[in-house]
Amino acid sequence: MLICSVHAVSWADSLCLPCLSAPVSAGFPSPADDHLQNNLNLQDALIPRPAATFLMRVKGDSMEGCGIFSGDLLIVDRSLTPIDGAVVIAVLNGEFTVKQLRLSQKTILLAAANADYTPIVVKAGMEFQVWGVVTYVVHGLQV
């Protein structure tokens with residue numbers, strides 16, 4: 001099971017960084033010297049509802065198939081309604097886990113994005129709650 005620790009976020013200070021208006025090419029290089037735009041506030045760009053947003057650190061490899069790795073920082077919005085296919089933070093029997101929510105008329109399934117893990121079928125009698133919806137993943141690049 002993938003356990004996460006919760007960190008409350010203080011939004012007293014905002015972080016604004018220079019942003020280029022031109023997209024970066026992942027193919028043929030493009031000069032970007034003339035494309036410096038205004039500053040971009042990361043809080044405004046990534047966190048539209050600060051009062052309902054939390055950061056959680058990932059521990060484990062069950063979600064690597066969708067780009068979530070151990071040590072990554074998740075931005076979680078508790079105000080969003082979870083829908084089928086969303087990556088969510090769930091509380092299952094008193095423990096946090098991050099999984100893809102799969103909903104049907106008959107079942108609730110928490111699916112990993114790693115073939116080494118079997119899906120968790122939420123059954124009657126289990127303590128279960130969708131705690132929030134993951135909106136962004138922050139991770140460093142391995143060099």
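Position 1 is the first residue of the sequence, and the numbers go up from there. Because the structure is predicted, anything quoted here is derived from the model rather than measured.
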Minimum heavy-atom separation for [X] to [Y], with atom names?
X: G67; Y: V137; result: O-CG1, 3.9 Å
X: T135; Y: L46; result: OG1-O, 4.5 Å
X: P82; Y: V133; result: CA-CG2, 3.9 Å
X: D61; Y: N114; result: O-ND2, 3.0 Å

Below 4.5 Å, heavy atoms only, C-beta onward: do [X] and [Y] meet side chain to side chain?
X: I75; Y: I47; result: yes
X: M56; Y: I89; result: yes
X: L92; Y: I120; result: yes
X: I108; Y: F128; result: yes
X: L101; Y: L110; result: yes
X: N93; Y: M126; result: yes
X: V87; Y: V98; result: yes
X: D72; Y: V138; result: no

(message) Under the salt bridge (charged side-chain N to carboxylate O under 4.0 Å, His left out) definition, can you give me all pairs with a residue in residues 76-91, not counting sequence neighbours?
(response)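 Those involving residues 76-91 are R49-D77, D84-R102.
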(request) Give every residue pair that meets the salt bridge (charged side-chain N to carboxylate O under 4.0 Å, His left out) criterion with at least one member in residues 105-129, sequence neighbours excluded. (result) none
[X] [atom1] to [Y] [atom2] distance, which is reported to the nearest 0.5 Å:
X: R57; Y: L73; atom1: CZ; atom2: CG; answer: 4.5 Å
X: M63; Y: S70; atom1: CE; atom2: OG; answer: 13.5 Å
X: N41; Y: Q43; atom1: CG; atom2: CD; answer: 5.5 Å
X: L42; Y: Y136; atom1: CG; atom2: OH; answer: 10.5 Å

(request) Treat each ILVMFWY residue as a node, draw an edge where side-chain heavy atoms are under 4.5 Å apart, and state whether V91 and V76 are in one component. (result) yes
(message) If hydrophobic clusters are built by linking Ile, Leu, Val, Met, Phe, Trp and Tyr wherever their side-chain heavy atoms come under 4.5 Å apart, do L109 and Y117 end up in the same one?
(response)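 They do not share one cluster, since no chain of ILVMFWY contacts under 4.5 Å joins L109 to Y117.
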(request) Can you run down the ring-ring contact (aromatic ring centres under 6.0 Å, His included) pairs that involve residues 59-84, sequence neighbours left out, and say none if there aren't any? (result) F69-H139
(request) Carefully, step by step, assess C66 and Q100 under the rule side-chain contact (heavy atoms from CB on, under 4.5 Å). (result) CA-CA 9 Å; C66 67; Q100 185 179 37; over 6 Å; no
(request) With sequence neighbours left out, write down each residue that passes side chain to side chain donor-acceptor pair (under 3.5 Å) with S104, or none if nothing qualifies. (result) T107
